[in-house]
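Notes follow once the structure below has been shown.
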Amino acid sequence: MDHHPGRGRLVSAGASSSEPLAGGRSHMCGSVRADDEGSAVVLAGWVSRKRDHGGVVFLDLRDREGSVQVVAHPEDAPGPHAVASEVKPESVVRVEGRVRRRPEGTVNPALPTGEVEVAAIAIEVLTESETPPFPVEDGVDVEEVLRLRYRYLDLRRPEMTEVMRLRHRVVGAMRRFFDERGFVDVETPMLTKSTPEGARDYLVPSRLQPGKVYALPQSPQMFKQLLMVAGFDRYYQIVRCLRDEDLRADRHWEFTQLDMEMSFPTERDVQDLIEAMFVRVWRELLEVELTTPFPRLTYEESMARYGSDKPDARYGMELADLTEAFRGSGLRAFAHVVENGGLVKGFAAPGAAGWSRKDLDALVQEATSRGAAGLVWLAYQRSDVKSPVISHLSPDELGAVASATGAGDGDLVLLVADQPSRVAVALDGLRRLMASRLGLIPQGQWSFLWVTDMPLFDWGEEDHAWVPNHHPFTAPASDDLNPETAKARAYDITLNGFELGSGSIRIHRAEVQRKMFDLLGLTPEQAEEKFGFLIRAFRYGVPPHGGIAVGVDRIVMLLAGTDNIRDVIAFPKTASGVEPLTGAPSEPSQEQLDMLRMRFR
RNA sequence: GGUCCGGUGGUGUAGCCUGGUCUAACACGCCGCCCUGUCAAGGCGGAGAUCGCCGGUUCAAAUCCGGUCCGGACCGCCA
């Protein structure tokens, strides 16, 4: 959290409640103001800094609301002065004193409490602190594991405290929003059966049913559908979900989603509601008025123009398709790809024509590390075009490249030729990289986008079978159930290039569901074994229904202006699944294993 | 599972490519002394790392090589 790339100005949290403060405190440190001049105050907090002038000693006393300067003069307050000059940073002290305006010329306008100070009458050290392993202050540059091992110190830093409270307020705004609209918060089980999301499950062995396991929920998907069968009409929950997959900067295996489901909706009903929720959250947290409706992009269009199903539309550099221009090209590598059904695509990066060989090599490296066979670059300088493959390119091809990408003087064109999925992955990565390197990402812009008409199926390379793109209860958009072409009544919501959530209208007709299972290669017996309880429920009158699940961590991450999801989780794990603070996971005791009748291999 | 980057006093970095002058440098922090208005207080002095771990090459390794552990980003995976 050294910088806040996309951060808007956060609206500050409301004043604390009128509840009396615990422990006889009169004020929170950070909330002392000039209005309190002359008041006797009792404060308690952490010593964040000490300035000892030999005579007068200043302590900055910090609590979650901020810090305030405490002064102890040797003449006026010999007792407090003696304590203050000995106390170590991060010790917890209780201060009795009187608020006064600072003397002329010593006001610090940079601090909310900078007009005042507290003249100490008594200082008591409640607990002493050892020297902390890293400075407890904003803007620290410390190895992340160390921050996680001492997370309580890390969270003590004002910027982290602020993020956690931001998260609290986001969740609060969501709850109020859904509550006002008659949505009922229903809790669903944590120890349950495998859900149909397709990720690896976390399993919990059963003590009472030896040899059997519960799965931790990947989402409450089937339960919320059952609640629709139960007639709840509108359900929501802010719920922890778990998926045992490898981590990314924006992905954690223990995450929180805003889960909702409603009866009788159209896609539009769900989308309008979620848009209204985002409007509400952005208004409350940032005082930003989002424009609705959010733009829509079909999945196909998104992949074509951005190479991604979560496009960042805040900047241009859209992808151009040059496949036909390179059919039979003298650039054999490209021609070969085209002959074999691959694509040639690329885009123009404005003003990057002068990049050094080293920078260009780094781009090639970026492309190949994303699985592309290679990267061809063309630098447009004045009327000249430089490229390692320039001798293989015909004037027609050069013309096609320039017109399709819009490349002009000073631009750098990046071309990738490969199978469609690799072209997409490589160019998506390059586009994001170039946008960031060239400073093309506008700050303070919130580019929400719905991606619609998702495919109903994906080809599962590992299973050699069609797998649901969303999950097997997603309703098809039409009678077309051809796995190659079928579209789903599914939609994703994205923000600034991050996927925030995805949802769908569900199947409520038994024969459609049967066909779906059939296409997925599930025999009626297998379907019964996995989802029998849901199928049975649907025999007793199921309303048409649909919903969405939105990732709370990612929303908070974007609001907080960080690109690291761990920054918005109080106690996160590292990429190898270790929680540095507690040391989890740990080995079970023999007694625990015996009780579960388990043995480790 | 794969690719890439990193691991040097409490913290953050330099040094590593071009082995020896590194008995490892700098900043912050810490300790001591001085200092009565600062707010990254200031001044002076001091302690503190054998360079993630193991092994190898070499007369000599923080520096080269191999392995390994840990962390991070990305691909695969995952919505």
Side-chain angles (χ1 to χ4, degrees), chain A residues 2 48-60 67-76 81 85 88-89 102-111 113-114 117 130-150 197-200 218-219 221 241-253 255 257 309-310 362 365-372 421-422 425-426 428-429 432-433 451 454 458 460-462 467-471 474 490-494 498-504 548-551 554 563-564 566 574-576 578 580:
Chain A
D2 305 320
S48 68
R49 245 192 189 95
K50 179 168 78 172
R51 291 177 294 282
D52 185 344
H53 289 245
V56 65
V57 174
F58 300 98
L59 296 182
D60 289 336
S67 13
V68 68
Q69 172 166 283
V70 174
V71 198
H73 275 277
E75 297 86 9
D76 308 345
H81 175 266
S85 53
K88 292 190 56 171
R102 294 191 183 187
E104 196 69 26
T106 64
V107 166
N108 186 343
L111 305 175
T113 60
E117 62 189 8
E130 291 181 15
T131 302
F134 55 84
V136 180
E137 62 191 27
D138 284 350
V140 293
D141 181 17
V142 185
E143 215 180 309
E144 200 179 355
V145 232
L146 195 68
R147 287 173 55 199
L148 297 183
R149 188 172 308 136
Y150 296 92
E197 272 72 25
R200 265 185 293 274
Q218 294 183 31
S219 89
Q221 181 59 38
C241 302
L242 299 108
R243 295 177 190 170
D244 186 5
E245 295 295 343
D246 288 358
L247 275 61
R248 286 286 187 285
D250 66 346
R251 209 160 80 189
H252 208 248
W253 3 335
F255 63 101
Q257 66 183 35
D309 58 358
K310 42 180 197 291
Q365 163 67 26
E366 173 75 11
T368 53
S369 79
R370 286 171 175 272
S421 63
R422 286 189 176 176
V425 169
D428 176 36
R432 288 170 196 262
L433 179 71
V451 178
M454 312 288 290
D458 283 332
E461 290 292 346
E462 285 185 13
V467 296
N469 175 276
H470 190 54
H471 56 57
T474 302
Y491 33 83
D492 281 4
I493 184 156
T494 71
F498 288 88
E499 183 197 313
L500 248 36
S502 88
S504 66
I548 194 167
V550 179
R554 280 192 194 156
D563 49 14
N564 179 353
R566 282 169 251 115
T574 66
S576 58
V578 172

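The chains referred to below are lettered A, B, ... by the order of the sequence lines, with proteins before strands, and numbering in each begins at 1.
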Within less than 4.0 Å of OP1 or OP2 of [N], is there a side-chain N or O belonging to [X]?
X: A/R51; N: B/A41; answer: yes
X: A/R149; N: B/G71; answer: no
X: A/T574; N: B/G71; answer: yes
X: A/R243; N: B/C78; answer: no
X: A/R251; N: B/C77; answer: no
X: A/H53; N: B/U38; answer: no
X: A/T368; N: B/U3; answer: no

[X] near the nucleic acid: base, sugar-phosphate alone, or nothing, with a heavy-atom cut-off under 4.0 Å?
X: A/L111; answer: base
X: A/G198; answer: sugar-phosphate
X: A/P133; answer: sugar-phosphate
X: A/E143; answer: sugar-phosphate
X: A/H73; answer: base
X: A/D52; answer: base
X: A/R566; answer: sugar-phosphate

Walking RNA chain B from its 5' end, the first of A/D492 and A/P74 to be reached, judged by nearest nucleotide, is A/P74

Assert: residue with more 5' nearest nucleotide on RNA chain B, out of A/A575 and A/D246, is A/A575

[N] - base-pair partner by Watson-Crick or wobble geometry, distances under 3.5 Å:
N: B/A25; result: B/U13
N: B/A73; result: B/U3
N: B/G42; result: B/C34
N: B/C78; result: none

Looking at [X] and [Y], what are the two nearest heavy atoms and their distance?
X: A/L247; Y: A/T574; result: CD2-O, 3.7 Å
X: A/N108; Y: A/R102; result: CB-NH1, 3.6 Å
X: A/F58; Y: A/V71; result: CE2-CG1, 3.8 Å

Looking at [X] and [Y], would you say the former's side chain and the latter's main chain have a donor-acceptor pair under 3.5 Å?
X: A/R243; Y: A/Q218; value: yes
X: A/S85; Y: A/H81; value: yes
X: A/T474; Y: A/S504; value: no

Is a donor-acceptor contact shorter than 3.5 angstrom present between the side chain of A/R370 and the base of B/G76?
no

Worksheet item: Does a distance-only test, which skips hydrogens and angles, find a donor-acceptor pair under 3.5 Å between the side chain of A/R102 and the base of B/U38?
Response: yes

